[in-house]
Amino acid sequence: MKQTRYLVPGDYMADPSAHVFNGRIYIYPSHDWESGVPENDNGDHFNMKDYHVFSLDDVEQGVVADHGVVLRTEDIPWAGRQLWDCDVAYRNGKYYMYFPLKDRNDIFRIGVAISDRPEGPFIPQENPMKGSYSMDPCVWPDENGEFYLYFGGLWGGQLQRYRNNKALECAELPEGDTPALCPKVARLRKDMLEFAEEPRDVVILDENGKPLTAGDTGRRFFEASWIHKYKGKYYFSYSTGDTHLICYATGDNPYGPFTYRGVILTPVVGWTSHHSIVEFKGKWYLFHHDSVPSGGKTWLRSMKVVELEYNEDGTIKTIQGTA
Ligand code: FUB
């Protein structure tokens, strides 16, 4: 399937996290809607209040099943506002959803909700994960039996408000030749409900082995962490935010460091770009979104899928965001 395909024409869904559970693809997107909140650099216009789950048996022609609302802000005991990009993992008979949400002080934290089934509904825990901050969680079940949670995002994602996992007095966004802020990763406890360790920096290196700098906006991390493995290598992919690219870097273990390798997706219509990558029935797919169906409204995005291909050397063939 070389042609990009929209997946849920009747509604606005973004940030699709796709996984294969029980031989089917399950997609966990953000649910965009017209809340009337004006657009700003803090992302207040992304005022989402619930999640749906979708599934499909066949990416090429498959009909996408909508499993309905599986979690709402009003069901989350510590909720303030804004349910952004979530992700889901399976362990020992349960499905664990990790979701970012602002608490009542308008601080992003990461919550966990649990279901017996991949299609939900998901029941939230009483409190967010201890020591969690920022947004865009992505959970990786490693072959070593451990699960790792990646997270973080700049600007409205609030990562610039922290250093060494502690809140700063005032936010500080590095500039120029100073090292860029890194996404974070932490191994999860066996019960999947808390970090088993202090989150660490996911360092992304350039071709000379130096950390990418804050001024290198065409390559540095902004948000939308995703990780997959191909031919023994770990591929960490992410959005560059204000330069609107999905890029990737490769490494030898879940903690990195990762070395920058290139662009997966050129800019789409709409400010944000956010993706997931999954293998299904022998092919690889890029799930992502754009704002074409809403006429370019940044906060009303539509979910898409396209086949992703590798070159012989393991690099990924760049996909055109406007294709
Ligand atoms: O959907 C809200 C935010 O927009 C996500 O968390 C970011 O990754 C961006 O897609």
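Everything quoted here is computed from the prediction, not taken from an experiment. Just follow the structure's listing: the first ligand is 1, and inside any ligand the first atom is 1. Along the sequence shown, the residues carry numbers beginning at 1.
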CD on Glu34 to CG on Asn47, rounded to 0.5 Å: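 That separation rounds to 10.5 Å.
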
CG-CG distance between Leu181 and Leu159, expressed to the nearest 0.5 angstrom: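 The CG atom of Leu181 sits 5.0 Å away from the CG atom of Leu159.
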
Side chain, backbone, both or neither: the part of His31 lying under 4.0 Å from ligand 1 by heavy atom: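 None of His31 does.
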
Asp15 contact mode with ligand 1 (heavy-atom cut-off under 4.0 Å):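 Only the side chain of Asp15 comes within reach of ligand 1.
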
Atoms in ligand 1 with a heavy atom of [X] nearer than 4.0 Å:
X: Asp85; value: 6 (O)
X: Met135; value: 6 (O)
X: Arg301; value: 1 (O), 2 (C), 4 (O), 9 (C), 10 (O)

Lys/Arg N to Asp/Glu carboxylate O, Arg81 vs Asp106, below 4.0 Å: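 Asp106 and Arg81: salt-bridged.
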
Residue-ligand contact Met48/ligand 1, heavy atom below 4.0 Å: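 It does; at least one heavy atom falls under 4.0 Å.
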
Does [X], backbone or side chain, put an N or O under 3.5 Å from an N or O of ligand 1?
X: His289; value: no
X: Asp136; value: yes
X: Asp32; value: no

Proximity of Phe195 and Phe151 rings by center, below 6.0 Å: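 Yes; Phe151 has its ring centre under 6.0 Å from that of Phe195.
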
Centroid separation Phe108 to Tyr133 less than 6.0 Å: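 Here the rings of Tyr133 and Phe108 have centres that are no less than 6.0 Å from each other.
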
Glu223 side chain to Ser273 backbone, donor-acceptor under 3.5 Å: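 Looks like no, no N/O pair under 3.5 Å.
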
Under 3.5 Å donor-acceptor, Ser115 side chain and Tyr95 backbone: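 Judged by distance alone, no pair lies under 3.5 Å.
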
Which residue and heavy atom of the protein sit nearest atom 9 (C) of ligand 1, plus the separation: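 That would be Glu223 OE2, 3.3 Å.
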
